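Reading through the structure tokens given below for one structure.
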Protein chains: 2
Amino acid sequence: MNKEKQMKLEASGWKIGSVNEFLELSQEETEFIELKLSLSQNLKERRQSLRLTQKDLARMIHSSQSRVAKMEAGDPAVSIDLLVKSLLALKTSKKEVAGMLPH
Amino acid sequence: MNKEKQMKLEASGWKIGSVNEFLELSQEETEFIELKLSLSQNLKERRQSLRLTQKDLARMIHSSQSRVAKMEAGDPAVSIDLLVKSLLALKTSKKEVAGMLPH
DNA sequence: TGAAAAAATGTCAATTTCGACATATATTCA
DNA sequence: TGAATATATGTCGAAATTGACATTTTTTCA
């Protein structure tokens, strides 16, 4: 990134500093993890409130009970894509999903 | 699904034709695709408004220019995970992300 | 104009995520 | 209780996604 571009970013409130880069990254990673955990927890609550077993949900999304368990456990090796597909399978509305986004 | 929306999806590489003409995409599948396209479009707008090149963003998320291009093009072979990581790298707020969710 | 920068497109080996399976542990409830 | 049901955990080859690279096409702007 050149000097001119860096100045433009900093003028609009960005921090591009050297040490800061490391901190920014970990902050993004933290936010990313928190988002996944929020989706996981909401998925579990939603499934349970619908009185569905993990096996039931697994069938609905053409997956397996073990993968649903891992989703709900917040396993790092589960994508947001699969979490979203699961929530959509449970007819989660746009408004509900919006409410799941962490601060 | 109306014709216009279908043409948008097909233009981005999503397979809506032939087989799905009678094996219609399920509502969930359609919603999933539309979500990804919405995130793609918003990412591109956000990057451009920040006057960043695709190469700039690629560096910020430790990826490559070509992958950023594919993200913004709504390529089906790009995960929501990567789109979200990119949006987080651009400091997209919870409120802004919520606004990206399709109806 | 046209050269430089930016973006788009295609490919590929490496990595990640996948469904499936086996099995252990936990919960339910007659 | 204890058997049936539900959930958690670990593993594996297959499939999907990745960053990187090469190249082409488009856009920018002097």
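Not measured: the values here are computed from a predicted model. Protein chains get the first letters and strands the later ones, always in sequence-line order, with residue 1 at the start of each. When reading the values below, keep in mind they use all heavy atoms of this one structure, side chains included, and skip hydrogens, waters and symmetry mates.
- Results of the side chain to side chain donor-acceptor pair (under 3.5 Å) test with B/E72 over B/Q48, B/Q54, B/Q41, B/K44 single out B/Q54 as the only residue that passes.
- The interatomic distance linking B/I80 (CD1) with C/dT17 (C1') rounds to 14 Å, in whole Å.
- Looking at B/K70, its side chain comes within 3.5 Å of the base of C/dG10 through a donor and an acceptor atom.
- Here the C1' atom of nucleotide D/dA20 and the CD atom of B/Q54 are 15 Å apart, to the nearest Å.
- To the nearest angstrom, P of D/dA6 lies 14 Å from CG of A/L57.
- Out of D/dT18, C/dT9, C/dC18, the shortest distance to the side chain of B/A69 is found at C/dT9.
- Applying the 6.0 Å contact sphere to NZ of B/K55 captures no more than 12 heavy atoms from other residues, nucleotides or ligands.
- One side chain, A/E31 or A/Q27, offers a donor N or O that lies under 3.5 Å from an acceptor on the other.
- With C/dA7, D/dT17, D/dA8 as the candidates, the nucleotide lying closest to the side chain of B/T53 is C/dA7.
- How far CG of A/D75 is from NZ of A/K36: 8.0 Å, rounded to the nearest 0.5 Å.
- Nucleotide C/dA4 holds its P atom 15 Å from the NZ atom of B/K55, rounded to whole Å.
- For B/S66 and D/dC21, a side-chain-to-base donor-acceptor distance below 3.5 Å is present, hydrogens and geometry of angles not being considered.
- Toward the 5' end of DNA chain C, the nearer of the two residues B/D81 and B/E72, judged by each one's closest nucleotide, is B/E72.
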Check your understanding: Checking side-chain contact (heavy atoms from CB on, under 4.5 Å) for the pair A/L50/A/D56: CA distance, chi angles, key distance, verdict?
Key -> CA-CA 11 Å; A/L50 290 170; A/D56 290 335; over 6 Å; no
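- Mapping B/Q65 and B/K85 onto DNA chain C by nearest heavy atom places B/Q65 closer to the 5' end of the strand.
- Taking atom CZ on A/R67 and atom P on D/dT11, their separation rounds to 14 Å, with Å as the unit.
- Here the P atom of nucleotide C/dT27 and the CZ atom of A/R51 are 17 Å apart, to the nearest Å.
- Counting to the nearest Å, the P atom of D/dT7 and the CG atom of A/L43 are 12 Å from each other.
- The nearest whole Å value for the distance from the CG atom in A/D56 to the C1' atom in D/dT5 is 12 Å.
- Contact of A/S64 with C/dC18 (side chain to base): no donor-acceptor pair of N or O atoms is detected under 3.5 Å.
- A/V78 comes within contact range of the sugar-phosphate backbone alone, with a heavy-atom separation under 4.0 Å but no base atom that close.
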